[in-house]
Protein chains: 2
Amino acid sequence: MARKPADQSVSRDDIIVAAAEVLQRNGYEAATMKDIAAAVKLTAASLYHHFRNKDTLMLAVLEAGLSHIMERIEPIAQNTALSSSERLRRMVAEHIIGLTQNTAVGAAMVFEIRTLMTFSLPAGDALSVQEQEFAARRDAFFARRDEFERLFRDVIRQGVELGEFRAVDVPIFTKTLLGAHNWVGVWYKPNGRLDGAGIAERTADYFLAALRN
Amino acid sequence: MARKPADQSVSRDDIIVAAAEVLQRNGYEAATMKDIAAAVKLTAASLYHHFRNKDTLMLAVLEAGLSHIMERIEPIAQNTALSSSERLRRMVAEHIIGLTQNTAVGAAMVFEIRTLMTFSLPAGDALSVQEQEFAARRDAFFARRDEFERLFRDVIRQGVELGEFRAVDVPIFTKTLLGAHNWVGVWYKPNGRLDGAGIAERTADYFLAALRN
DNA sequence: ATTATAATCAAATGCAGGTTTAATTGTTCG
DNA sequence: CGAACAATTAAACCTGCATTTGATTATAAT
(Lines give C-alpha, C1' and ligand atoms only; values in the text may rest on other atoms or scores of the structure.)
Protein backbone atom coordinates (compact mmCIF):
# COMPACT_ATOMS: atom_id res chain seq x y z
CA MET A 1 0.00 0.00 0.00
CA ALA A 2 2.63 2.49 1.01
CA ARG A 3 4.17 3.71 -2.20
CA LYS A 4 7.72 4.79 -1.73
CA PRO A 5 8.39 7.91 -3.78
CA ALA A 6 10.80 7.58 -6.66
CA ASP A 7 14.39 8.48 -5.86
CA GLN A 8 14.73 11.43 -8.16
CA SER A 9 11.29 12.84 -7.50
CA VAL A 10 11.00 16.13 -5.66
CA SER A 11 9.63 16.06 -2.14
CA ARG A 12 7.29 18.42 -0.42
CA ASP A 13 10.16 19.51 1.78
CA ASP A 14 12.43 20.23 -1.15
CA ILE A 15 9.80 22.61 -2.42
CA ILE A 16 9.40 24.28 0.92
CA VAL A 17 13.11 24.93 1.17
CA ALA A 18 13.26 26.36 -2.32
CA ALA A 19 10.16 28.44 -1.77
CA ALA A 20 11.62 29.86 1.42
CA GLU A 21 14.63 31.11 -0.46
CA VAL A 22 12.61 32.66 -3.23
CA LEU A 23 10.23 34.18 -0.71
CA GLN A 24 12.98 35.73 1.34
CA ARG A 25 14.73 37.01 -1.75
CA ASN A 26 11.74 38.42 -3.63
CA GLY A 27 8.95 38.94 -1.15
CA TYR A 28 5.51 37.42 -1.30
CA GLU A 29 3.98 38.89 -4.42
CA ALA A 30 7.15 38.81 -6.44
CA ALA A 31 7.83 35.18 -5.62
CA THR A 32 6.22 33.46 -8.57
CA MET A 33 5.26 29.83 -8.77
CA LYS A 34 7.46 29.60 -11.82
CA ASP A 35 10.48 30.87 -9.87
CA ILE A 36 9.88 28.38 -7.12
CA ALA A 37 9.35 25.55 -9.57
CA ALA A 38 12.53 26.46 -11.40
CA ALA A 39 14.46 26.29 -8.15
CA VAL A 40 13.59 22.60 -7.90
CA LYS A 41 13.68 21.99 -11.65
CA LEU A 42 9.98 21.55 -12.09
CA THR A 43 7.17 23.19 -13.98
CA ALA A 44 4.85 25.54 -12.16
CA ALA A 45 2.01 23.14 -12.84
CA SER A 46 3.85 20.37 -11.02
CA LEU A 47 3.77 22.29 -7.79
CA TYR A 48 0.03 21.85 -7.70
CA HIS A 49 0.52 18.16 -7.24
CA HIS A 50 2.14 18.93 -3.88
CA PHE A 51 0.26 22.01 -2.74
CA ARG A 52 -3.28 23.15 -3.32
CA ASN A 53 -2.24 26.66 -4.26
CA LYS A 54 0.30 29.37 -3.68
CA ASP A 55 -1.05 30.53 -0.35
CA THR A 56 -0.98 27.02 1.02
CA LEU A 57 2.61 26.60 -0.09
CA MET A 58 3.62 29.87 1.47
CA LEU A 59 1.91 29.03 4.69
CA ALA A 60 3.78 25.74 4.74
CA VAL A 61 7.02 27.70 4.46
CA LEU A 62 6.07 29.91 7.37
CA GLU A 63 5.05 26.96 9.48
CA ALA A 64 8.32 25.21 8.76
CA GLY A 65 10.32 28.27 9.70
CA LEU A 66 8.44 28.84 12.88
CA SER A 67 8.67 25.20 13.92
CA HIS A 68 12.38 25.18 13.29
CA ILE A 69 13.01 28.08 15.60
CA MET A 70 10.41 27.12 18.17
CA GLU A 71 11.97 23.72 18.64
CA ARG A 72 15.21 25.39 19.58
CA ILE A 73 13.95 28.24 21.69
CA GLU A 74 11.23 26.57 23.71
CA PRO A 75 13.49 24.19 25.64
CA ILE A 76 15.80 27.03 26.56
CA ALA A 77 12.97 29.23 27.75
CA GLN A 78 11.72 26.44 29.95
CA ASN A 79 15.02 25.39 31.39
CA THR A 80 14.49 26.58 34.93
CA ALA A 81 17.94 25.42 35.91
CA LEU A 82 19.37 28.47 34.18
CA SER A 83 19.29 32.07 35.32
CA SER A 84 17.16 34.53 33.38
CA SER A 85 20.27 36.12 31.92
CA GLU A 86 21.64 32.86 30.73
CA ARG A 87 18.35 31.81 29.24
CA LEU A 88 17.94 35.08 27.44
CA ARG A 89 21.48 34.98 26.15
CA ARG A 90 20.98 31.54 24.67
CA MET A 91 17.61 32.40 23.22
CA VAL A 92 19.05 35.42 21.47
CA ALA A 93 21.85 33.31 20.09
CA GLU A 94 19.56 30.61 18.74
CA HIS A 95 17.20 33.09 17.20
CA ILE A 96 19.84 35.09 15.42
CA ILE A 97 21.75 32.06 14.26
CA GLY A 98 18.51 30.54 13.02
CA LEU A 99 17.74 33.72 11.17
CA THR A 100 21.09 33.72 9.42
CA GLN A 101 21.00 30.06 8.51
CA ASN A 102 17.45 29.09 7.75
CA THR A 103 15.75 31.35 5.27
CA ALA A 104 12.32 30.11 6.29
CA VAL A 105 12.82 31.44 9.79
CA GLY A 106 13.19 34.97 8.54
CA ALA A 107 10.16 34.62 6.35
CA ALA A 108 8.10 33.41 9.27
CA MET A 109 8.92 36.46 11.30
CA VAL A 110 8.69 39.23 8.85
CA PHE A 111 5.64 40.92 7.47
CA GLU A 112 5.33 41.04 3.74
CA ILE A 113 2.88 38.34 4.50
CA ARG A 114 0.10 40.85 4.74
CA THR A 115 -1.44 39.60 1.55
CA LEU A 116 -1.59 36.08 2.78
CA MET A 117 -2.73 37.17 6.14
CA THR A 118 -5.29 39.73 5.33
CA PHE A 119 -6.92 37.16 3.10
CA SER A 120 -9.91 39.41 2.60
CA LEU A 121 -12.75 37.11 3.32
CA PRO A 122 -15.51 37.91 0.85
CA ALA A 123 -17.93 39.16 3.48
CA GLY A 124 -21.25 37.45 3.30
CA ASP A 125 -20.30 34.57 1.06
CA ALA A 126 -19.76 31.44 3.05
CA LEU A 127 -16.20 30.17 2.98
CA SER A 128 -15.61 26.92 1.18
CA VAL A 129 -14.31 24.03 3.21
CA GLN A 130 -10.83 24.55 1.84
CA GLU A 131 -10.94 28.20 2.75
CA GLN A 132 -12.03 27.36 6.25
CA GLU A 133 -9.21 24.90 6.63
CA PHE A 134 -6.76 27.43 5.37
CA ALA A 135 -8.06 30.16 7.64
CA ALA A 136 -7.75 27.83 10.59
CA ARG A 137 -4.16 26.92 9.79
CA ARG A 138 -3.29 30.53 9.29
CA ASP A 139 -4.81 31.48 12.61
CA ALA A 140 -2.93 28.67 14.29
CA PHE A 141 0.29 29.96 12.77
CA PHE A 142 -0.28 33.41 14.19
CA ALA A 143 -1.20 32.05 17.57
CA ARG A 144 2.03 30.10 17.56
CA ARG A 145 3.96 33.19 16.60
CA ASP A 146 2.45 35.08 19.49
CA GLU A 147 3.54 32.23 21.68
CA PHE A 148 7.04 32.66 20.36
CA GLU A 149 7.08 36.27 21.40
CA ARG A 150 5.65 35.33 24.77
CA LEU A 151 8.59 33.03 25.45
CA PHE A 152 10.89 36.02 25.34
CA ARG A 153 8.54 38.24 27.23
CA ASP A 154 8.15 35.74 30.04
CA VAL A 155 11.85 35.22 30.50
CA ILE A 156 12.36 38.95 30.69
CA ARG A 157 9.45 39.46 33.00
CA GLN A 158 10.67 36.78 35.33
CA GLY A 159 14.13 38.26 35.39
CA VAL A 160 12.65 41.57 36.40
CA GLU A 161 10.46 40.01 39.08
CA LEU A 162 13.39 38.15 40.57
CA GLY A 163 15.37 41.36 40.62
CA GLU A 164 17.94 39.86 38.28
CA PHE A 165 17.06 42.54 35.71
CA ARG A 166 16.21 46.15 36.32
CA ALA A 167 12.59 47.23 35.89
CA VAL A 168 11.74 47.79 32.24
CA ASP A 169 8.56 48.06 30.21
CA VAL A 170 8.50 44.37 29.39
CA PRO A 171 6.30 44.41 26.25
CA ILE A 172 8.24 47.26 24.74
CA PHE A 173 11.60 45.83 25.67
CA THR A 174 10.61 42.54 24.08
CA LYS A 175 9.51 44.16 20.85
CA THR A 176 12.74 46.13 20.80
CA LEU A 177 14.72 42.96 21.17
CA LEU A 178 12.82 41.04 18.54
CA GLY A 179 12.88 43.95 16.13
CA ALA A 180 16.64 44.03 16.34
CA HIS A 181 16.73 40.31 15.66
CA ASN A 182 14.41 40.34 12.72
CA TRP A 183 16.34 43.14 11.17
CA VAL A 184 19.38 40.88 11.09
CA GLY A 185 17.50 38.71 8.63
CA VAL A 186 17.24 41.74 6.41
CA TRP A 187 20.81 42.98 6.31
CA TYR A 188 22.77 39.82 6.99
CA LYS A 189 24.89 38.60 4.13
CA PRO A 190 27.06 35.50 4.29
CA ASN A 191 30.76 36.26 4.02
CA GLY A 192 30.43 39.44 6.04
CA ARG A 193 32.81 40.40 8.81
CA LEU A 194 30.80 38.42 11.35
CA ASP A 195 28.87 35.19 11.17
CA GLY A 196 25.58 34.55 12.92
CA ALA A 197 27.28 33.55 16.17
CA GLY A 198 29.36 36.72 16.23
CA ILE A 199 26.35 38.92 15.67
CA ALA A 200 24.37 36.99 18.25
CA GLU A 201 27.06 37.33 20.88
CA ARG A 202 27.20 41.10 20.53
CA THR A 203 23.47 41.53 20.38
CA ALA A 204 22.94 39.50 23.52
CA ASP A 205 25.65 41.51 25.21
CA TYR A 206 23.92 44.81 24.45
CA PHE A 207 20.51 43.76 25.59
CA LEU A 208 21.80 42.17 28.76
CA ALA A 209 23.70 45.35 29.48
CA ALA A 210 20.48 47.28 29.07
CA LEU A 211 18.86 45.02 31.65
CA ARG A 212 21.69 45.22 34.16
CA ASN A 213 20.62 46.47 37.53
CA MET B 1 2.59 81.81 -18.29
CA ALA B 2 2.31 80.24 -14.86
CA ARG B 3 -0.94 78.33 -14.78
CA LYS B 4 -2.25 78.02 -11.28
CA PRO B 5 -3.73 74.57 -10.73
CA ALA B 6 -7.44 74.42 -10.19
CA ASP B 7 -8.57 74.37 -6.59
CA GLN B 8 -10.18 70.95 -6.52
CA SER B 9 -7.55 69.24 -8.60
CA VAL B 10 -5.32 66.68 -6.96
CA SER B 11 -1.69 67.57 -6.43
CA ARG B 12 1.40 65.51 -6.82
CA ASP B 13 1.84 65.63 -3.07
CA ASP B 14 -1.68 64.42 -2.40
CA ILE B 15 -0.90 61.39 -4.47
CA ILE B 16 2.36 60.76 -2.68
CA VAL B 17 0.65 60.82 0.69
CA ALA B 18 -2.05 58.45 -0.45
CA ALA B 19 0.45 56.16 -2.12
CA ALA B 20 2.51 56.03 1.06
CA GLU B 21 -0.46 54.78 3.00
CA VAL B 22 -1.37 52.17 0.46
CA LEU B 23 2.25 51.10 0.17
CA GLN B 24 2.70 50.70 3.90
CA ARG B 25 -0.58 48.85 4.20
CA ASN B 26 -0.25 46.49 1.25
CA GLY B 27 3.38 46.30 0.30
CA TYR B 28 4.89 47.11 -3.04
CA GLU B 29 3.42 44.54 -5.36
CA ALA B 30 0.00 44.54 -3.76
CA ALA B 31 -0.31 48.30 -3.89
CA THR B 32 -2.14 48.77 -7.17
CA MET B 33 -2.39 51.96 -9.13
CA LYS B 34 -6.13 51.60 -8.85
CA ASP B 35 -5.96 51.50 -5.05
CA ILE B 36 -3.80 54.56 -4.96
CA ALA B 37 -6.01 56.38 -7.43
CA ALA B 38 -9.10 55.48 -5.42
CA ALA B 39 -7.50 56.93 -2.30
CA VAL B 40 -7.46 60.33 -4.00
CA LYS B 41 -10.70 59.77 -5.89
CA LEU B 42 -9.14 59.46 -9.32
CA THR B 43 -8.88 56.87 -12.03
CA ALA B 44 -5.70 54.86 -12.38
CA ALA B 45 -5.16 56.44 -15.77
CA SER B 46 -5.15 59.88 -14.21
CA LEU B 47 -2.11 59.08 -12.13
CA TYR B 48 -0.06 58.89 -15.28
CA HIS B 49 -0.60 62.57 -15.78
CA HIS B 50 1.41 63.14 -12.60
CA PHE B 51 3.92 60.29 -12.65
CA ARG B 52 5.57 58.50 -15.51
CA ASN B 53 4.85 55.06 -14.05
CA LYS B 54 4.40 53.11 -10.86
CA ASP B 55 8.08 52.83 -10.03
CA THR B 56 8.55 56.54 -10.34
CA LEU B 57 5.63 57.19 -8.05
CA MET B 58 6.91 54.74 -5.50
CA LEU B 59 10.36 56.22 -5.59
CA ALA B 60 8.81 59.63 -4.98
CA VAL B 61 7.16 58.22 -1.89
CA LEU B 62 10.43 56.86 -0.59
CA GLU B 63 12.23 60.11 -1.28
CA ALA B 64 9.55 62.05 0.55
CA GLY B 65 9.74 59.79 3.56
CA LEU B 66 13.49 59.90 3.71
CA SER B 67 13.60 63.67 3.34
CA HIS B 68 11.07 64.10 6.07
CA ILE B 69 13.10 62.16 8.58
CA MET B 70 16.48 63.43 7.38
CA GLU B 71 15.44 67.02 7.88
CA ARG B 72 14.74 66.25 11.51
CA ILE B 73 17.64 64.01 12.33
CA GLU B 74 20.50 65.73 10.57
CA PRO B 75 20.47 68.92 12.64
CA ILE B 76 20.44 66.91 15.85
CA ALA B 77 23.33 64.74 14.76
CA GLN B 78 25.34 67.80 13.94
CA ASN B 79 24.55 69.79 17.05
CA THR B 80 27.96 69.66 18.68
CA ALA B 81 26.69 71.63 21.63
CA LEU B 82 25.01 68.46 22.88
CA SER B 83 26.59 65.41 24.45
CA SER B 84 26.57 62.16 22.48
CA SER B 85 23.96 60.74 24.84
CA GLU B 86 21.67 63.67 24.41
CA ARG B 87 22.05 63.68 20.65
CA LEU B 88 21.37 59.97 20.44
CA ARG B 89 18.35 60.28 22.70
CA ARG B 90 16.83 62.98 20.55
CA MET B 91 17.61 61.16 17.32
CA VAL B 92 15.92 58.04 18.57
CA ALA B 93 12.88 60.07 19.57
CA GLU B 94 12.57 61.82 16.22
CA HIS B 95 13.01 58.64 14.29
CA ILE B 96 10.44 56.66 16.20
CA ILE B 97 7.95 59.47 16.30
CA GLY B 98 8.43 59.98 12.58
CA LEU B 99 7.85 56.30 11.99
CA THR B 100 4.59 56.34 13.92
CA GLN B 101 3.28 59.48 12.31
CA ASN B 102 4.43 59.58 8.72
CA THR B 103 3.66 56.45 6.78
CA ALA B 104 6.17 57.35 4.11
CA VAL B 105 9.01 57.22 6.60
CA GLY B 106 8.37 53.59 7.35
CA ALA B 107 8.17 52.78 3.69
CA ALA B 108 11.48 54.47 3.05
CA MET B 109 13.24 52.34 5.61
CA VAL B 110 11.86 48.95 5.02
CA PHE B 111 12.69 46.52 2.32
CA GLU B 112 9.78 45.23 0.34
CA ILE B 113 11.26 47.60 -2.10
CA ARG B 114 13.45 44.91 -3.48
CA THR B 115 11.41 44.80 -6.63
CA LEU B 116 11.89 48.44 -7.26
CA MET B 117 15.45 48.26 -6.30
CA THR B 118 16.62 45.16 -8.01
CA PHE B 119 15.22 46.64 -11.19
CA SER B 120 16.85 43.90 -13.24
CA LEU B 121 18.51 45.86 -15.97
CA PRO B 122 18.09 43.93 -19.20
CA ALA B 123 21.77 43.13 -19.57
CA GLY B 124 23.13 44.17 -22.90
CA ASP B 125 20.30 46.39 -24.01
CA ALA B 126 21.14 50.00 -23.52
CA LEU B 127 18.98 51.76 -20.98
CA SER B 128 16.65 54.39 -22.32
CA VAL B 129 17.14 57.93 -21.10
CA GLN B 130 14.20 57.57 -18.76
CA GLU B 131 15.61 54.39 -17.34
CA GLN B 132 18.95 56.04 -16.77
CA GLU B 133 17.31 58.92 -14.98
CA PHE B 134 15.36 56.55 -12.85
CA ALA B 135 18.40 54.45 -12.02
CA ALA B 136 20.26 57.58 -11.00
CA ARG B 137 17.48 58.76 -8.71
CA ARG B 138 17.22 55.36 -7.18
CA ASP B 139 20.93 55.20 -6.53
CA ALA B 140 20.81 58.64 -4.98
CA PHE B 141 18.04 57.48 -2.70
CA PHE B 142 20.09 54.58 -1.48
CA ALA B 143 23.13 56.72 -0.98
CA ARG B 144 21.03 59.07 1.09
CA ARG B 145 19.73 56.18 3.13
CA ASP B 146 23.24 55.02 3.84
CA GLU B 147 23.96 58.55 4.96
CA PHE B 148 21.05 58.31 7.33
CA GLU B 149 22.49 55.24 8.95
CA ARG B 150 25.88 56.91 9.12
CA LEU B 151 24.45 59.74 11.18
CA PHE B 152 23.62 57.30 13.91
CA ARG B 153 26.85 55.39 13.56
CA ASP B 154 28.92 58.53 13.84
CA VAL B 155 27.21 59.77 16.95
CA ILE B 156 27.70 56.40 18.59
CA ARG B 157 31.29 56.16 17.45
CA GLN B 158 32.08 59.57 18.77
CA GLY B 159 30.50 58.78 22.11
CA VAL B 160 32.71 55.72 22.36
CA GLU B 161 35.82 57.63 21.38
CA LEU B 162 35.15 60.32 23.94
CA GLY B 163 34.65 57.67 26.58
CA GLU B 164 31.09 58.77 27.10
CA PHE B 165 29.91 55.35 25.95
CA ARG B 166 31.49 52.00 26.62
CA ALA B 167 33.26 50.24 23.78
CA VAL B 168 30.81 48.48 21.48
CA ASP B 169 30.93 47.07 17.99
CA VAL B 170 29.66 50.28 16.42
CA PRO B 171 28.30 48.92 13.12
CA ILE B 172 26.46 46.10 14.85
CA PHE B 173 25.17 48.30 17.62
CA THR B 174 23.85 50.73 15.04
CA LYS B 175 22.06 48.04 13.09
CA THR B 176 20.59 46.74 16.31
CA LEU B 177 19.29 50.17 17.14
CA LEU B 178 17.83 50.84 13.73
CA GLY B 179 16.31 47.39 13.50
CA ALA B 180 14.44 48.02 16.71
CA HIS B 181 13.23 51.33 15.33
CA ASN B 182 12.07 49.99 12.02
CA TRP B 183 10.22 47.23 13.72
CA VAL B 184 8.13 49.82 15.49
CA GLY B 185 6.77 50.80 12.10
CA VAL B 186 5.57 47.24 11.74
CA TRP B 187 3.77 46.66 15.00
CA TYR B 188 2.73 50.16 16.00
CA LYS B 189 -0.99 50.79 16.01
CA PRO B 190 -2.54 54.11 16.93
CA ASN B 191 -4.66 53.93 20.07
CA GLY B 192 -2.28 51.50 21.73
CA ARG B 193 -1.15 51.85 25.31
CA LEU B 194 1.71 54.14 24.29
CA ASP B 195 2.05 56.77 21.63
CA GLY B 196 5.18 57.37 19.57
CA ALA B 197 6.75 59.57 22.22
CA GLY B 198 6.20 56.96 24.91
CA ILE B 199 7.76 54.23 22.84
CA ALA B 200 10.63 56.48 21.88
CA GLU B 201 11.39 57.42 25.46
CA ARG B 202 11.67 53.81 26.55
CA THR B 203 13.64 52.73 23.53
CA ALA B 204 16.18 55.48 24.01
CA ASP B 205 16.44 54.57 27.64
CA TYR B 206 17.30 50.96 26.87
CA PHE B 207 19.92 51.71 24.30
CA LEU B 208 21.56 54.38 26.40
CA ALA B 209 21.65 51.93 29.27
CA ALA B 210 23.39 49.46 27.00
CA LEU B 211 26.01 52.08 26.23
CA ARG B 212 26.58 53.13 29.83
CA ASN B 213 30.12 52.79 30.96
C1' DA C 1 -14.44 84.83 -26.40
C1' DT C 2 -10.49 82.25 -27.72
C1' DT C 3 -6.88 79.49 -27.09
C1' DA C 4 -3.54 76.77 -24.83
C1' DT C 5 -2.73 73.71 -21.40
C1' DA C 6 -3.84 71.11 -17.18
C1' DA C 7 -6.57 67.46 -15.30
C1' DT C 8 -9.34 63.83 -15.81
C1' DC C 9 -11.56 59.68 -17.68
C1' DA C 10 -13.42 55.55 -20.41
C1' DA C 11 -11.98 52.11 -23.01
C1' DA C 12 -8.64 49.28 -25.16
C1' DT C 13 -4.11 46.83 -25.05
C1' DG C 14 -0.89 43.54 -23.56
C1' DC C 15 1.05 40.62 -20.59
C1' DA C 16 2.45 38.10 -16.59
C1' DG C 17 1.19 34.94 -13.27
C1' DG C 18 -1.97 31.58 -10.80
C1' DT C 19 -4.63 27.76 -11.80
C1' DT C 20 -6.95 23.85 -14.50
C1' DT C 21 -7.13 20.12 -17.66
C1' DA C 22 -5.92 16.15 -19.94
C1' DA C 23 -2.41 13.40 -21.21
C1' DT C 24 2.20 11.03 -20.36
C1' DT C 25 5.55 8.68 -17.88
C1' DG C 26 7.24 6.33 -14.03
C1' DT C 27 6.97 3.25 -10.07
C1' DT C 28 5.23 -0.23 -7.01
C1' DC C 29 2.62 -3.96 -5.56
C1' DG C 30 0.22 -8.27 -6.17
C1' DC D 1 2.59 -8.78 -16.45
C1' DG D 2 -1.02 -5.44 -15.21
C1' DA D 3 -3.65 -2.54 -12.15
C1' DA D 4 -3.31 1.53 -9.39
C1' DC D 5 -1.46 5.47 -8.14
C1' DA D 6 2.42 9.07 -8.00
C1' DA D 7 4.96 12.62 -10.43
C1' DT D 8 5.34 15.51 -13.97
C1' DT D 9 4.28 18.15 -18.09
C1' DA D 10 2.42 20.98 -22.09
C1' DA D 11 -1.03 23.77 -23.28
C1' DA D 12 -5.01 26.32 -22.42
C1' DC D 13 -7.56 29.52 -19.40
C1' DC D 14 -8.59 33.46 -16.87
C1' DT D 15 -7.92 37.43 -14.47
C1' DG D 16 -5.85 41.42 -12.62
C1' DC D 17 -2.97 45.03 -13.35
C1' DA D 18 0.24 48.46 -15.53
C1' DT D 19 0.15 51.25 -19.21
C1' DT D 20 -1.55 53.68 -23.75
C1' DT D 21 -4.68 56.08 -26.53
C1' DG D 22 -7.95 59.32 -27.74
C1' DA D 23 -11.28 62.03 -26.15
C1' DT D 24 -13.52 65.45 -22.84
C1' DT D 25 -13.79 69.01 -19.40
C1' DA D 26 -11.95 72.79 -16.64
C1' DT D 27 -9.08 76.72 -15.93
C1' DA D 28 -6.21 80.52 -16.75
C1' DA D 29 -4.00 83.97 -19.79
C1' DT D 30 -4.66 87.12 -23.55
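Reckoned from all heavy atoms, side chains included, excluding hydrogens, waters and symmetry mates. Just so it is clear, the model here is predicted, and its values are computed rather than measured.
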S.K.: Starting at atom CZ of A:Arg12, determine the distance to atom P of D:dT8, rounded to an integer number of angstrom.
M.R.: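 To the nearest whole Å, that distance equals 14 Å.
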S.K.: Is the closest side-chain heavy-atom distance between A:Glu74 and A:Glu147 below 4.5 Å?
M.R.: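 Side-chain contact under 4.5 Å: yes.
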S.K.: Output the rounded distance in Å from NZ (A:Lys41) to P (D:dT9).
M.R.: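 Spelled out: NZ on A:Lys41 to P on D:dT9 is 12 Å.
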S.K.: What is the nucleic acid contact for B:Ala37, judged by heavy atoms within less than 4.0 Å: base, sugar-phosphate only, or nothing?
M.R.: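 If one applies the 4.0 Å heavy-atom cut-off, B:Ala37 turns out to touch nothing in the nucleic acid.
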S.K.: Looking at the side chain of A:Ser9, which of D:dA7, D:dT9, D:dA18 is the nearest nucleotide?
M.R.: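 My answer, after comparing the listed nucleotides, is D:dA7.
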S.K.: Reckon B:Lys34 has a side-chain N or O less than 4.0 Å from the OP1 or OP2 of D:dC17?
M.R.: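 Answer no for this pair, as no side-chain N or O of B:Lys34 is under 4.0 Å from OP1 or OP2.
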S.K.: Among D:dT19, D:dA10, C:dG18, which nucleotide sits nearest the side chain of B:Tyr48?
M.R.: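 Within the option list, the nearest is D:dT19.
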S.K.: Rounded to whole angstroms, how far apart are CG on B:Asn26 and P on D:dC17?
M.R.: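 Rounded to the whole Å, the gap is 10 Å.
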S.K.: A:Phe141 and side chain to side chain contact (heavy atoms under 4.5 Å, CB included): which single residue from A:Arg138, A:Arg145, A:Arg144 fits?
M.R.: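 Going through the options one by one, the only one that passes is A:Arg145.
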S.K.: Of the nucleotides D:dT8, C:dT19, D:dA18, which one has an atom closest to the side chain of B:Met33?
M.R.: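 Closest nucleotide to the B:Met33 side chain: D:dA18.
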S.K.: Send over the distance from B:Leu57 CG to D:dT19 C1', rounded to a whole Å.
M.R.: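 After rounding, the gap between these two atoms is 14 Å.
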S.K.: Within the pair B:Thr32 and D:dG16, is there a side-chain N or O less than 4.0 Å away from OP1 or OP2?
M.R.: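 No, because none of the side-chain N or O atoms of B:Thr32 sits under 4.0 Å from OP1 or OP2 of D:dG16.
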S.K.: Grab the CG-C1' distance between B:Asp35 and D:dA18 for me, whole Å please.
M.R.: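 Checked: the CG to C1' distance equals 13 Å.
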S.K.: Between C1' on D:dC17 and CD on B:Glu29, what's the gap in Å once rounded to a whole number?
M.R.: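 Rounding to the nearest Å, CD of B:Glu29 and C1' of D:dC17 are 11 Å apart.
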S.K.: May I ask you to verify if any side-chain N or O of A:His49 is less than 4.0 angstrom from the OP1 or OP2 atom of D:dA7?
M.R.: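 Yes, such a contact exists.
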S.K.: What nucleic acid atoms does B:Ser46 come within less than 4.0 Å of, heavy atoms only: base, sugar-phosphate, or nothing?
M.R.: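 If one applies the 4.0 Å heavy-atom cut-off, B:Ser46 turns out to touch a base.
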S.K.: Tell me the interatomic distance from B:Phe51, atom CZ, to C:dA7, atom C1', rounded to whole angstroms.
M.R.: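 Going from CZ in B:Phe51 over to C1' in C:dA7 covers 14 Å.
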S.K.: Output the single nucleotide from D:dT8, C:dT21, D:dT19 whose closest atom is nearest the side chain of A:Ala45.
M.R.: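 Among D:dT8, C:dT21, D:dT19, the one nearest the side chain of A:Ala45 is C:dT21.
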S.K.: Starting at CG of A:Asn53 and ending at C1' of D:dT15, how long is that distance when rounded to a whole Å?
M.R.: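 Between C1' of D:dT15 and CG of A:Asn53: 16 Å.
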S.K.: Please determine if A:Glu149 and A:Lys175 form a salt bridge, counting it only when a charged side-chain N lies under 4.0 Å from a carboxylate O.
M.R.: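 Yes, charged N to carboxylate O under 4.0 Å.
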S.K.: Examine the side chains of A:Arg87 and A:Gln78 and answer whether a donor and an acceptor come within less than 3.5 Å of each other.
M.R.: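 No, A:Gln78 and A:Arg87 have no side-chain donor paired with an acceptor closer than 3.5 Å.
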S.K.: Can you tell me how far the OH atom of A:Tyr206 sits from the CG atom of A:Leu211, to the nearest 0.5 Å?
M.R.: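 If we round to the nearest 0.5 Å, A:Tyr206:OH and A:Leu211:CG are 15.0 Å apart.
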